[in-house]
2 protein chains.
Amino acid sequence: MVKQAASAIARKWRQPKQAHSLERVNRILDVAEAIFIEQGYAAATTKEIAAVAEVPIGTLYQFFPDKEAILQTLAERYSDLLNQQVQVFATEAMLVLPLSEYVRQLVEGVDTFFLENPGYRAVFVEITTTMPETEEAGDQQLIQTMTGILPKLNSAFSPEDCEAIAFVLVKAIGNLIWIASGQPPAFRQRLVQETQKLCLNYLQSYSNPRIDLVSQ
Amino acid sequence: MVKQAASAIARKWRQPKQAHSLERVNRILDVAEAIFIEQGYAAATTKEIAAVAEVPIGTLYQFFPDKEAILQTLAERYSDLLNQQVQVFATEAMLVLPLSEYVRQLVEGVDTFFLENPGYRAVFVEITTTMPETEEAGDQQLIQTMTGILPKLNSAFSPEDCEAIAFVLVKAIGNLIWIASGQPPAFRQRLVQETQKLCLNYLQSYSNPRIDLVSQ
DNA sequence: ACGAAAAAGCGAGAGAAGCTCATGTTGCAG
DNA sequence: CTGCAACATGAGCTTCTCTCGCTTTTTCGT
């Protein structure tokens with residue numbers, strides 16, 4: 001898992017130019033991920049990461065300005081991956097599905113992603129607290145994707161609506177499935193269903209508002 | 001703000017028995033909160049907290065096993081406060097309101113709470129990452145409250161449903177309003193409305209399911 | 001009122017973590 | 001071949017959390 005090259009260490013530090021150092025940087029990232037998952041970000045020490053990755057600390061700090069930057073880079077790898085996954089739902093094949101089926105698959109897709117990438121949880125648990133800006137950035141990408149999709153799902157959505165709806169959907173799905181992924185399987189399954197119901201009824205209320213008994 | 005006594009330092013450390021020390025403990029908590037808000041949890045140092053609160057470090061560590069315990073205790077203060085606020089929605093006066101109005105006030109109540117307690121954000125941003133168990137505990141209280149309320153709102157909910165619905169509502173409202181509270185006022189307002197819509201349609205779908213065009 | 005036990009007060013400094021820096025080595029372009 | 005940029009290295013500086021041994025104060029039974 002996670003074998004692709006480190007795409008964007010960038011920021012303000014040295015970027016590996018030579019093949020050998022690039023390989024070392026990736027080894028650092030892989031080791032760091034494993035240790036973060038196992039012990040948590042706070043408990044992990046840069047010394048241990050360096051030791052296990054078999055590079056001296058000095059070398060680690062040549063490519064990462066600080067410990068947080070390692071977490072950042074890992075978060076970016078996952079963010080890109082999830083966003084890529086969601087892109088599928090912008091394709092023609094998906095857009096022609098009935099709304100209920102579309103929502104069902106979307107929510108399940110996110111659920112599957114979390115199940116298949118246990119590292120995501122470990123990395124983002126830390127990110128949310130340590131660097132809120134980064135999470136915002138990751139979600140922002142998803143929100144933009146969603147904002148682009150919504151008009152194609154139903155032309156009843158005004159452009160301004162789309163932004164708000166996309167925001168709500170991304171945050172609600174993201175958070176609920178996130179939490180569900182930490183629950184026992186049976187309840188997790190139920191929460192996934194509820195999330196689908198929540199989103200479906202929300203979307204339907206726009207194109208087809210209720211005017212029945214209870215409300216008002 | 002936050003003038004009530006420190007209800008539960010408890011855990012594994014010494015509890016202040018004498019009036020003087022109790023006052024000191026509360027001073028530590030108030031100072032810590034201010035510093036956490038201003039600089040963030042990680043940047044705050046125990047030495048500074050102790051210095052500003054005008055107690056020696058040794059004394060601080062007599063009542064708090066570690067830095068995290070200070071954050072914990074602050075989180076408990078806020079959790080209790082929010083839960084207290086939500087209790088209002090279990091009263092007869094509220095329960096007789098039409099569902100749409102009930103949901104409106106519930107969501108707005110949470111929004112108001114966040115606006116009136118800026119410290120809540122600062123404290124819980126840290127908590128979520130540092131001690132996920134604590135957040136769970138805080139929400140668990142709210143979920144139980146909600147689980148008790150739901151059957152009174154609509155007897156169509158089965159007992160098993162109630163647990164899942166309460167879970168979804170607490171997490172969805174909590175997260176969305178939380179995020180909204182960090183947005184510019186105009187968009188914040190819009191998000192509050194959307195959250196109301198989201199929850200209302202979700203609840204209505206249980207007592208009065210749609211069988212219209214789009215779905216299926 | 002007295003004395004002992006319990007609680008609180010205290011801060012130097014141990015221990016450990018993140019990160020730096022001075023210095024030496026290697027790769028690559030011209 | 002020459003020279004500059006990239007890379008390598010690890011002792012140790014800085015700064016943080018938390019401990020420990022000791023003194024002083026409060027509480028309370030007699």
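We name chains A, B, ... by the order of the sequence lines, and we start the count at 1 in each one.
No hydrogens or angles considered: a donor-acceptor pair under 3.5 Å links the side chains of A/Gln105 and A/Glu101.
Mapping B/Lys47 and A/Leu60 onto DNA chain D by nearest heavy atom places A/Leu60 at the nucleotide closer to the 5' end.
Distances shorter than 4.0 Å separate some side-chain N or O of B/Ser21 from OP1 or OP2 on C/dA8. Contact annotation: A/His20 does not reach the phosphate of D/dA6 (side-chain N/O to OP1 or OP2, under 4.0 Å). For B/Arg24, a side-chain nitrogen or oxygen approaches OP1 or OP2 of C/dC10 to under 4.0 Å.
For B/Thr46, the side-chain atoms get nearest to D/dT17 when compared with the rest of C/dG18, D/dT17, C/dA8. With C/dT20, D/dA8, D/dC18 as the choices, the nucleotide that has an atom nearest any side-chain atom of A/Tyr61 turns out to be C/dT20. Proximity note for B/Gln62 (side chain, C-beta onward) versus D/dT17, D/dT9, C/dC10: the nearest is C/dC10. Closest to the side chain of A/Phe63, from the set D/dA8, D/dT19, C/dG27, is D/dA8. With distances taken from any side-chain atom of A/Pro56 to the nucleotides D/dG10, D/dT17, C/dG9, the minimum falls on D/dG10. Across D/dT27, D/dC18, D/dT9, the shortest atom-to-atom separation from the side chain of B/Gln18 is found for D/dT27. Comparing D/dA8, C/dC10, D/dC18 by their closest approach to the side chain of B/Asp66 singles out D/dC18.
Looking at heavy-atom distances under 4.0 Å, B/Ala42 makes no contact with the nucleic acid at all. Using a 4.0 Å heavy-atom criterion, one finds that B/Ala19 contacts no nucleic acid atom at all. The residue A/Thr45 sits close only to the backbone: its heavy atoms come under 4.0 Å of sugar-phosphate atoms, none of a base.
Remark: B/Arg190 pairs with A/Asp161, B/Glu194 by the salt bridge (Lys or Arg N to Asp or Glu O under 4.0 Å) rule, at least two apart or across chains. Under the side chain to side chain contact (heavy atoms under 4.5 Å, CB included) criterion, B/Ala122 pairs with B/Ile37, not counting sequence neighbours.
Here the closest heavy-atom approach between residue B/Arg121 and residue B/Ser181 is recorded as NE-OG, 2.7 Å.
Remark: the backbone N or O of A/Ala180 is not paired with any side-chain donor or acceptor of B/Lys171 at under 3.5 angstrom.
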